[in-house]
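Working notes, structure below.
Indexing begins at 1, ligand by ligand and atom by atom, following the structure's order.
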Amino acid sequence: MRVPVRASLQEIEEYKPGKLVKGAIKLSSNENPLGPSPEVIREIVKCLEAGELNLNVYPWEKNEEELRDEISRYVGGGSAKDNVVLGAGVDGVLDTLARIFIANGDEALIPIPTFSLYESLVKIAGGVPRYVKRKSGEDFSIPVKDLISACNKKTKLIFISSPNNPTGNCIPEDEIREIIESVDSRAMVVIDEAYAEFAGSSLVNLVTEYENVAVMRTFSKAFGLAGLRVGYGIIPEWLTSAYKKVAMPFSVNSIAIKAAIAALRDPAYLRKTVELVKHERAFLMENLRRVFKKVYPSEANFVLADISPAKSAVVCAELMKRGIIVRDCSSFRGAGDSFIRVTVGTREQNELVAEALI
Ligand SMILES: Cc1ncc(COP(=O)(O)O)c(C=O)c1O
């Protein structure tokens, strides 16, 4: 006899990551085509060889503190190391926040289409996601008034991805302020800035200004460390004790901590990555615009295209036959079946995807 799993799991979809096929060009998960800084690799190897990274012991608190300190200086915006919490990717930080705020029957507001993990985490925690449709057909901006009026006594979290995955747009500062001030102490506004480095702007300064704002950032995208799983949150100080209670102990491993510190100490490499992505993003958009009805402006390292009347499943399958993997957006709630998302790659990769699409 099998022990029944929680009934509510029936409503949760498995997370579908971008596909990985050996030898194919993978432009489906918004990773960094340059990889991490060579300084990061050198540092990890050096520390391992010198016995500074003892893999038989749990991650050292002092190293974690050093990373939090470096992060607070990097993000600025008035934050201090006590505002910084770490997790196994932004995913890990979001999971902890969902478990802090969502009790059975609580609600979370999610403007869609967006990163699908938000709704899963809310459901897993026993909560109910409420969706607010972004202004599709226009620029996918958030209908702020609708969002605010959807906020009720049960609403505990509001997830705003900025730049938003998969649409690529940021929320303007005046709009996020309106949301934060309207929901005040009722709901925590979680701003997911996984792609902030490519946008060149951040809302992190709002964390020290308001008590109901948390900003998520990651080493997976601009720093090219997705495989190490290290992300962080900038959160108000009053929330850190709850965070420490709920987060898994040692969720960021020793190698990831060292790597993240080394990555922050190589700002020239970060600049190079961001410049390449911005340059190539323009090239990719220009080429996609030759083929598709609408290609949306993007502040991230990916581009969204409306490929109607074609169907995303068909186009993605055709590209796959040619060894190129892009994201079929039909798995994003509210996106429909005619959008694809293409990660900005190297010039060679972008040329290949453009040729294949043409
Ligand atoms: C908006 C958004 N947030 C978070 C993540 C996950 O980031 P991490 O690798 O830090 O868990 C992604 C990954 O694609 C994303 O698109």
Residues Arg130, Glu107: salt bridge by 4.0 Å N-O rule: yes
Minimum non-hydrogen distance to atom 11 (O) of ligand 1, winning option of Arg229, Arg217, Arg327, Glu31: Arg229
Nearest non-hydrogen protein atom, atom 10 (O) of ligand 1: Thr218 OG1, 2.5 Å
Short N-O contact, Asp91 and Arg229, less than 4.0 angstrom: yes
Salt bridge (Lys or Arg N to Asp or Glu O under 4.0 Å) between Glu70 and Arg265, intermediate numbers included: CA-CA 9 Å; Glu70 289 277 350; Arg265 291 185 180 159; 2.7 Å; yes
Numbering as shown, the atoms of ligand 1 that approach Asn165 to under 4.0 Å (heavy-atom distance): 1 (C), 15 (C), 16 (O)
Enumerated ligand 1 atoms positioned under 4.0 Å from heavy atoms of Lys221: 13 (C), 14 (O)
Within-shell test, Tyr195 vs ligand 1, heavy atom, strictly < 4.0 Å: yes
Which residue and heavy atom of the protein sit nearest atom 9 (O) of ligand 1, plus the separation: Ser220 OG, 2.6 Å
Residues Glu275 and Lys272 bridged, charged N to O under 4.0 Å: no
Heavy-atom pair of closest approach, residues Asp82 and Thr240: O-CG2, 3.2 Å
Atom 5 (C) of ligand 1 - nearest protein heavy atom and its distance: Phe115 CZ, 3.4 Å
Distance in Å, Asn164 CG paired with Thr114 OG1, rounded so as to fall on 0.5 Å steps: 3.5 Å
Heavy atom of Asn30, distance to ligand 1 below 4.0 Å: no
For atom 2 (C) of ligand 1, the protein heavy atom that lies nearest, with its residue and separation: Asp192 OD2, 3.4 Å
Test ring pair (Phe, Tyr, Trp, His ring centres under 6.0 Å) applied to Phe223 and Tyr269, step by step: CA-CA 9 Å; Phe223 290 101; Tyr269 190 82; 9.3 Å; no
Short side-chain donor-acceptor distance under 3.5 Å, Arg177 and Tyr210: yes
Of the listed options Val90, Val93, Asp91, Leu94, closest to atom 6 (C) of ligand 1 (non-hydrogen atoms): Asp91
Atom indices of ligand 1, in the order listed, that fall short of 4.0 Å to a heavy atom of Gly89: 8 (P), 10 (O), 11 (O)
Subset of ligand 1 atoms that lie under 4.0 Å from at least one heavy atom of Ser161: 1 (C)
